Amino acid sequence: MRVVRVLPDVAALDKTFDYTVPESWEGDVRVGTMVRVSLHGRRVGGWVVADGVTPPPGVRLRPLAKVTGWGPPAPLVDLARWAAWRWAGPVRAVLRSASPPAAVRGLPAPPGPPTAPAALAPGDGEGLAGEALARQRAVVRLPPAADPYPFAVAAARGGNALVLAPSVDAAARLGDRLRRGGVPVALMPRDWARAAAGGSVVVGARAAAWAPLAELAAVVVVDAHDEAYREERSPTWNAWEVAAERAHRDGVPCVLLSACPTLEQLAWGELVTPSRAAERAGWPVVEVVDRRRADPRTGLYSDRLVLLLRGGGRVVCVLNRKGRAQLLSCAACGEVLRCEHCQGGMAQADEGDGMRCRSCGRARASVCQQCGSARLRKLRPGVARVREELEALAGRAVAEVTGGTDDRVADREPAAGVVVGTEAVLHRMDAADAVVFLDFDQELLAPRFRAAEQAMALLVRAARLVGGRDGGGRIVVQTRVPDHDVVRAAVQADAGRLAGPERARRGLLRLPPATALAVVSGDADGFVAALGADVEVMGPSDGTWLVRAADPTVLATALAAVPRAGARLRIEVDPVRV
DNA sequence: CGGACAAGCTGA
DNA sequence: CAGCTTGTCCGG
């Protein structure tokens, strides 16, 4: 009797169980197949994770209850195990990402060969693509305005390529272009079955790293630095790393494209750069407005900004602060307004005249706790307030975009207009004549160890809206730190200038990639206490511990060595912020 | 996870 | 001691 091992899709049950395979389903069951089984009197879904196993003696086996359909192919089941180890989470969660969104009962016939060899604009990055694909691990520092398309086409020529883009939208656009170019495309997750059938280039966002391709030919990751590639839920796997591991296992090239590759990525692969002239041409002009000597009363509004606002054209202003004012002071005595309960800073309430504590959320009237004056000064105005002030300065309508606005601004705003928003505005718009970072220091000096890389990524996003140097668009950066490595790298259109100093800083502070980190929270006292000597445990502070190891392998091994039976804890490996 | 079952608590 | 809550164990 054939026996398979099944991992049930049941939360908090990371255990496998053996079942017999009824003869009528012989051919439908293999490693990865999605099944239903009876477990403790109920029917649950799960994956076949091993075939032809010898069950432990003394258990009465039950037959599989149902074959739901196709699931991740065997090598991906193995890769899922690796990812679960690498990011210290349940295999089940990873297998879910690797499974089709709806039951797949059969695969379509693979498409024929490409209808037309995908055409490329001559010289348009094709040389660089060839150069990159000739390596097993390449990081191409592709400037913001350069087109990733030639890389996708070049990868597709070799057979079943996997192309990842940071958003579903970006993936769909790239997929459309490939399809128009005559390349058969499977867009994940919609075309899961077509991807599994082979013969197509598979294009998709984060979860497409788990696309069911057989005989992978090459991997291309577009905008590989993008944090959208990181899964937020535990296990916090990163799609570029999963795709890279996959390519490595299959012995095929993996190419990461990014205008600002992360230090992890630079450590992983071989850097391929375009010519200095090409990289320069791919960045817009970046203007620095030095605010060190600025009158504090002019606040966020430099003469340069006013000139741009009045000049017509589409101007996008970025300020990463929501609401009206995030910090207030008394105009009479100068005291900063603080919460009477927790001493946290008070923010202006979104509606009405009151204030709300940013830490504990308690509300109170807008009156100075020191002198009772009701005349307040806004120390940190938010987007809502800034919109009103920009409108007054510009003499034309200013639209506000926040995380809540979900449609694309391009669809409803005139071609020339002023838009202000949090960084979400950079995702909601396609084009602009200028992007102004009203307070870039907030990004540069943010208390997160990846702040510099994240700030650089914002500049890259902004550069996408305004285009390359010859298009005439520009980025304006208002800052009191004009000599910051990020600012200099962007001004000189040379992302490489950031890497060296940033790597040195991280090394000094023993932060990734010099070390590997995990944040452990929840019911974790026992867990962290049992961790081995090759990791360093700090904390707890605020109920979370920080675990540090020499590298990701040591970290994963140490975390995997401690049993977690029943403990309700969360482990975030490679945290974005610590 | 969720069902089964045992041990512990309460009120008459 | 029935009736209920709470805790622990276990699944093929």
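All values derive from a computational prediction rather than experimental measurement.
- Atom pair A:Leu39:CG and B:dG3:C1' shows a separation of 11 Å (rounding to whole Å applied).
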Begin from the C-alpha positions of A:Gln136 and A:Glu270 and carry the test side chain to side chain donor-acceptor pair (under 3.5 Å) through to its verdict. CA-CA 9 Å; A:Gln136 289 292 293; A:Glu270 201 180 330; over 6 Å; no
Take A:Arg2 and A:Asp51 through the side chain to side chain contact (heavy atoms under 4.5 Å, CB included) test and state the conclusion after the steps. CA-CA 8 Å; A:Arg2 181 172 164 212; A:Asp51 198 352; 2.8 Å; yes
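- Look at CZ on A:Phe17: it is 15 Å from P on B:dG2, rounded to the nearest Å.
- As rounded to whole Å, 20 Å separates atom P of C:dG11 from atom CZ of A:Arg43.
- Within the 4.0 angstrom heavy-atom criterion, only backbone atoms of the sugar-phosphate kind lie near A:Ser38; the bases stay farther away.
- Residue A:Asp18 contributes atom CG, which lies 6 Å from atom C1' of C:dG12 at whole-angstrom precision.
- The distance between the ring centers of A:Trp210 and A:Trp192 does not fall below 6.0 angstrom.
- Of the listed nucleotides (B:dC1, C:dC10, C:dG12), B:dC1 has the atom at the smallest distance from the side chain of A:Ala11.
- Looking at heavy-atom distances under 4.0 Å, A:Arg60 makes contact with sugar-phosphate atoms alone, never a base.
- Taking atom CG of residue A:Leu64 and atom C1' of nucleotide C:dG12, one finds them 11 Å apart after rounding to whole Å.
- Atom-to-atom, CG of A:Leu7 to P of B:dC1 comes out at 15 Å; the value is rounded to the nearest Å.
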Between A:Trp47 and A:Ser99, does a side chain to side chain donor-acceptor pair (under 3.5 Å) hold up when you go through it step by step? CA-CA 9 Å; A:Trp47 297 268; A:Ser99 299; 2.8 Å; yes
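- Among the protein residues, A:Pro56 comes within range of the nucleic acid bases, having at least one heavy atom under 4.0 Å from a base atom.
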